[in-house]
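The residues of the chain are indexed from 1 along the displayed sequence.
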Amino acid sequence: MSARDPRGLRVLVTGASGTFGRAICARLDELGAQVVGLDLAPRADDPVRVLACDITDDDAVPAVVREAIDQLGGLDLLINNAGIGGPAPAELAPSAEVRRQLDINLLGTWRVTAACVDALVASGGRIVMLSSRMAVMQLPLAAAYGASKRALVAYADALRLELGTHVGVTCVYPSAVRSPIHDSTAAAGLSLEGMSQYEPLDGVVRTVLRAALSRRPRRDLPTTRRGAVEFFLARHLPALTDRIVARTLAGRVRSGAFQGAKLAAGVVARHEATR
């Protein structure tokens with residue numbers, strides 16, 4: 001399928017100073033797009049202009065988005081990339097960490113998108129959502145992240161129905177990429193090393209560009225062949241994927257991977273009780 005010409009495309013990227021965001025912005029800039037980023041903490045060496053924006057702030061988001069769109073002279077493409085992860089066992093009551101992930105990953109995306117709708121409708125533009133393989137295949141001990149990404153897909157589906165006459169909406173589903181997003185989970189002793197196969201950042205960037213530049217907007221795009229298989233199985237054979245994840249988790253518990261991790265104490269105790 002032929003691609004759209006990226007030169008002159010007016011692009012807004014959230015989470016622009018993070019691992020994914022910097023790479024996406026740099027590549028679009030190289031291709032000749034006009035790119036402005038949003039980030040809570042812009043960096044001096046960001047590859048494009050990045051405006052400081054707390055996407056959890058109801059009042060700040062519309063004003064900063066308006067400034068970005070004014071700088072661009074309109075908007076053709078919104079890439080909702082901002083997101084965080086962290087430890088959040090489903091068996092425990094929602095914590096501040098859970099609320100933070102939901103506020104950034106889901107509601108932050110919602111705030112930014114709502115502020116961009118008029119400009120995107122005017123240009124016949126496109127929205128690309130950075131979701132996650134965990135939107136369809138949940139991993140244990142990270143319930144907030146999976147819930148936020150699954151809800152993000154539901155939000156994208158609603159947008160597609162409401163804006164589809166004028167705006168394309170695509171969800172991209174990376175698996176695991178080595179980045180600081182995993183640091184807090186590892187620090188809590190809940191590292192999911194061995195639960196996921198890491199993929200290269202370049203593949204995620206290529207898929208985002210495919211979503212952004214394809215002539216016709218795609219609905220869902222996994223980032224690897226393995227990811228496409230996992231996506232298919234999770235959608236059509238969810239009981240099978242549940243068994244695969246459960247078996248992998250049991251192996252991780254037996255190996256002592258969660259030994260001493262307070263947040264995993266319930267999981268460890270239940271698995272030990274079944275031996």
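More than 12 heavy atoms of other residues, nucleotides or ligands shown are found within 6.0 angstrom of CZ on Arg160.
Residues Arg235 and Val136 are in side-chain contact: their nearest non-hydrogen atoms beyond the backbone lie under 4.5 Å apart. Using a 4.5 Å heavy-atom threshold, the side chains of Val50 and Val36 count as separate.
Summarising the geometry of Ser17 relative to Arg22, their closest heavy-atom pair is O-CD, 3.2 Å, with the distance given to 0.1 Å. The heavy-atom pair separating Asp39 from Gly18 by the smallest distance is OD2-N, 3.8 Å.
Checked against side chain to side chain contact (heavy atoms under 4.5 Å, CB included), Ala144 has the following partners two or more places apart in sequence or in another chain: Ala88, Val98, Gln101. Partners of Leu237 according to the side chain to side chain contact (heavy atoms under 4.5 Å, CB included) rule, which considers only residues two or more places apart in sequence or in another chain, are Leu233, Leu240. In this structure Thr56 satisfies the side chain to side chain contact (heavy atoms under 4.5 Å, CB included) test together with Asp54, Asp103, Ile104, Arg111, sequence neighbours excluded.
Hydrophobic cluster membership is shared by Val117 and Val64, with clusters built from Ile, Leu, Val, Met, Phe, Trp and Tyr side chains linked at under 4.5 angstrom. Taken together through direct or relayed side-chain contacts under 4.5 Å among Ile, Leu, Val, Met, Phe, Trp and Tyr, Leu102 and Leu263 form parts of separate hydrophobic clusters.
Side chains of Asn80 and Thr113: a donor on one and an acceptor on the other come within 3.5 Å. If you check the side chains of Asp220 and Tyr173, you find a donor sitting under 3.5 Å from an acceptor. Asn81 and Thr14 are not linked by any side-chain donor-acceptor pair at a separation below 3.5 angstrom, with hydrogens and angles left out of the test. Side-chain N/O atoms of Glu230 and Ser175 include no donor and acceptor closer than 3.5 Å.
Ion pairing of Arg126 with Asp76 is absent here, as no side-chain N (NZ or NE/NH1/NH2) approaches a carboxylate O to less than 4.0 Å. We find that Glu272 and Arg254 are not joined by a salt bridge, their nearest charged nitrogen and carboxylate oxygen being 4.0 Å or further apart.
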